[in-house]
Amino acid sequence: MSKNLKCLIVDEMHESVVGLLKEINVIPVYKPDISREEIIEQIVDFEILFIRSKTKVDRSLLAKASKLKIVGRAGAGIDNLDEVYLADKGIQIINAPEGNKDAVGEQTIAMLLSLMHNVVKSHLEVTRGKWDREGNRGVELSGKIVGIIGYGNMGKAVAQRLSSFGCTVLAYDKYLIDYQDQYCQAVSLQTIFNSADILSLHVPLIDETYGWVDDDFFNKFKKPIYFLNLSRGEIVVLPSLVNAIKCNEVKAAALDVLQNEKLNTLNKEQQECFDFLSSSSNVILTPHIGGWSHESYFKINQVLINKLYQLINT
């Protein structure tokens, strides 16, 4: 690949990105406040585009991107990229799931333990003057069977952290082979339905997983579960989750993501689901912070720049 490559950075990233790009002789142009219309006009001058989750990279954005060779996603998910169109144009994609896997792993464990030991519920009760020990008696993670669906960087990070809790970890990943390791048993999806006390989702948002977790999905579990979603909100049909909680198919739920995360734009059905979840004592909601730590903010840059360096020097 030619020298003097230019990289347009259109979303806010850790300030280290500018220096790291310069170290590999890429010219950075940092414009986190640039409008979509401005990107369309200016992209013609750049070989590399760096984004996060805010910018949708599709045919309309790249109409004038005659030089573009690489799109870098500062994070894990690439569901805001039109992969088919980019492939047709010969534009390569790099992302950085290795950069925030530890943050996701820790957040998952934190949310799970908070659910099982009523940390948030009891905190709120105490601050309101209610001291209820029996009503907040915890459930131990030790001895439980944890199902992990999706055993990539995030799923494995969760399994690694679970290894010290004395529980059994069952993992299912449709797209991997020979992935069983010291942290998990690789099993069928049916085995997870039959056995799991806890389910943690770590799958990407693709056509196959959109709306995948629905009434039929929850009905397949043989016993009530603790349910965690730290992947993408669109994977879970919220009315189905609400119904599963009401029917005690789901004992408690921790959600770091929602189908619509712009809470001031919820439609009627979304608002009804959100109102139920946010008022439930057995539900924890966080604002998509699973991979969002001070450390991951920097590590994502390191991973992305390392991959970029390898790509432009091969």
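Quick caveat: nothing in here was measured; it's all calculated off a predicted structure.
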query: With a 4.5 Å heavy-atom cut-off, do R232 and P204 have their side chains touching?
result: no
field: Ion pair check, R161 and D102, cut-off under 4.0 Å
entry: yes
- request: Go through the steps for V242 and L277 under the test side chain to side chain contact (heavy atoms under 4.5 Å, CB included), then give the verdict.
  value: CA-CA 7 Å; V242 167; L277 295 170; 4.3 Å; yes
field: I148 CD1 to I192 CD1 distance, which is reported to the nearest 0.5 Å
entry: 8.5 Å
message: Set out, in order, the CA-CA distance, both residues' side-chain angles and the distance that settles ring-ring contact (aromatic ring centres under 6.0 Å, His included) for F218 and F227, then state yes or no.
response: CA-CA 10 Å; F218 286 118; F227 176 76; 5.4 Å; yes
- prompt: More than 12 heavy atoms of other residues, nucleotides or ligands under 6.0 Å from CG of N248: is that the case?
  reply: yes
query: Can you hop from V213 to F221 via hydrophobic side chains spaced under 4.5 Å?
result: yes
- prompt: How about D214 and S240: does a side-chain donor come under 3.5 Å of a side-chain acceptor?
  reply: no
task: Report yes if the side chains of L201 and L230 come closer than 4.5 Å at any heavy-atom pair, otherwise no.
output: no
message: Given 3.5 Å as the limit, does a donor-acceptor pair link the side chain of E272 with the main chain of E269, or not?
response: no
- request: Might you work through the salt bridge (charged side-chain N to carboxylate O under 4.0 Å, His left out) test for D275 and K268, ending with a clear yes or no?
  value: CA-CA 10 Å; D275 290 344; K268 182 180 179 182; over 6 Å; no
message: So which atom in Y175 and which in D173 form the shortest heavy-atom distance, rounded to 0.1 Å?
response: N-OD1, 2.9 Å
query: Is E12 paired with K54 through a side-chain N to carboxylate O contact shorter than 4.0 Å?
result: no
query: Under a single-linkage definition using a 4.5 Å side-chain heavy-atom cutoff for Ile, Leu, Val, Met, Phe, Trp and Tyr, are L266 and F276 assigned to the same hydrophobic cluster?
result: yes
- prompt: Which heavy atom in N95 sits nearest to a heavy atom in G75, and how many Å separate them?
  reply: CB-O, 3.4 Å
- prompt: Would you say the side-chain atoms of S195 pair up with the backbone N or O of T191, donor to acceptor, closer than 3.5 Å?
  reply: yes
Side-chain ion pair, D181 and K156, N-O less than 4.0 Å: yes
message: Would K69 and Q92 count as a side chain to side chain contact (heavy atoms under 4.5 Å, CB included) here? Give the steps.
response: CA-CA 6 Å; K69 301 298 182 185; Q92 300 188 67; over 6 Å; no
- request: Go through the side-chain N and O atoms of K31 and Q42 and say whether any donor and acceptor fall under 3.5 Å apart.
  value: yes
- prompt: Which atom names give the shortest non-hydrogen contact between L304 and A96, and what distance separates them?
  reply: N-CB, 4.3 Å
Side-chain heavy-atom pair E83, I93 within 4.5 angstrom cut-off: yes
From H288 atom NE2 to Q107 atom CD, the distance as rounded to the nearest 0.5 Å: 10.5 Å
query: Just checking, is any N or O donor in the side chain of R36 or S60 under 3.5 Å from an acceptor N or O on the other one?
result: yes
query: What is the minimum heavy-atom distance between A103 and S293, and which atoms define it?
result: CB-OG, 3.7 Å
query: What's the shortest heavy-atom distance between Y151 and L176, and which atoms?
result: O-CD1, 3.3 Å
query: With no hydrogens and no angle check, is any side-chain donor or acceptor of T286 less than 3.5 Å from a backbone partner on I289?
result: no
Side chain proximity check, V18 to M13, heavy atoms < 4.5 angstrom: no
message: Side chains of F274 and L285, heavy atoms from C-beta outward: is any pair under 4.5 Å?
response: yes
- prompt: Is there a side-chain contact between K222 and F193 (heavy atoms, below 4.5 Å)?
  reply: no
message: Would a single hydrophobic cluster contain both W212 and Y210, if residues Ile, Leu, Val, Met, Phe, Trp and Tyr are joined by side-chain heavy-atom contacts under 4.5 Å?
response: yes
- request: Would you mind checking if E47 and K6 are paired as a salt bridge, meaning a charged N to carboxylate O distance below 4.0 Å?
  value: no
message: Can you tell me if Y309 has over 12 outside heavy atoms packed within less than 6.0 Å of its OH?
response: no
message: Quick test of your reading of the model: are D82 and R59 salt-bridged, counting only N-O distances below 4.0 Å?
response: no
- request: Would you please say whether a donor-acceptor pair under 3.5 Å links the side chains of N260 and T265?
  value: yes
query: Judged by atom type as modelled, is there a donor-acceptor pair below 3.5 Å linking the side chain of D58 to the main-chain atoms of L61?
result: yes
message: Between E98 and K101, does any NZ, NE, NH1 or NH2 come within less than 4.0 Å of an OD or OE carboxylate oxygen?
response: no
message: Working note: R137 + E134, criterion salt bridge (charged side-chain N to carboxylate O under 4.0 Å, His left out); need CA distance, chi angles, decisive distance, verdict.
response: CA-CA 5 Å; R137 187 187 290 269; E134 184 57 35; 2.6 Å; yes
query: Distance only, no hydrogens: is a donor on one side chain within 3.5 Å (strictly under) of an acceptor on the other, for N282 and K121?
result: no
message: Membership question, hydrophobic clusters at under 4.5 Å side-chain separation (ILVMFWY): are L112 and V257 in the same one?
response: no
- request: Taking atom types as modelled, find out whether N194 and Q190 have a side-chain donor-acceptor pair closer than 3.5 angstrom.
  value: yes
query: Within a reach of under 6.0 Å around CD of E15, are more than 12 heavy atoms found that belong to other residues, nucleotides or ligands?
result: no
Joint cluster assignment, L308 & L20, ILVMFWY side-chain distance < 4.5 Å: yes
statement: So CG of L49 and CD1 of I39: to nearest 0.5 Å the spacing works out to 7.0 Å
- prompt: Taking side chain as C-beta onward, heavy atoms only, is I225 less than 4.5 Å from E249?
  reply: no
Side-chain (N306) to main-chain (Q302) donor-acceptor, under 3.5 angstrom: yes
message: A side-chain contact here means heavy atoms from C-beta on lying under 4.5 Å apart; do L170 and I145 qualify?
response: yes
Euclidean distance, I284 CD1 relative to S278 OG, rounded to 0.5 Å: 13.5 Å
query: Are the side chain of D11 and the backbone N or O of R52 linked by a donor-acceptor pair below 3.5 Å?
result: yes
- prompt: Stepwise, does the side chain to side chain donor-acceptor pair (under 3.5 Å) test hold for E38 with S35?
  reply: CA-CA 5 Å; E38 289 171 328; S35 69; 3.3 Å; yes
message: Can you tell me how far apart CG (L141) and OH (Y226) are? Round to the nearest 0.5 Å.
response: 10.0 Å
message: Would you say Q271 and N267 are linked by a side-chain donor-acceptor pair, where the criterion is simply a distance under 3.5 Å?
response: no
field: Taking every non-hydrogen atom, the tightest pair across L205 and D79
entry: O-CB, 3.7 Å
Sidechain-backbone polar pair: H14 side chain, S16 backbone, donor-acceptor under 3.5 Å: yes
query: Is a side-chain donor or acceptor of N80 paired with a backbone partner of T55 at a separation under 3.5 angstrom?
result: yes
query: Taking atom OG of S200 and atom CE of M154, what is their separation to the nearest 0.5 Å?
result: 12.0 Å
message: Looking at K307, I'd like to know if its NZ atom is crowded, meaning that more than 12 non-hydrogen atoms belonging to other residues, nucleotides or ligands lie closer than 6.0 Å.
response: yes
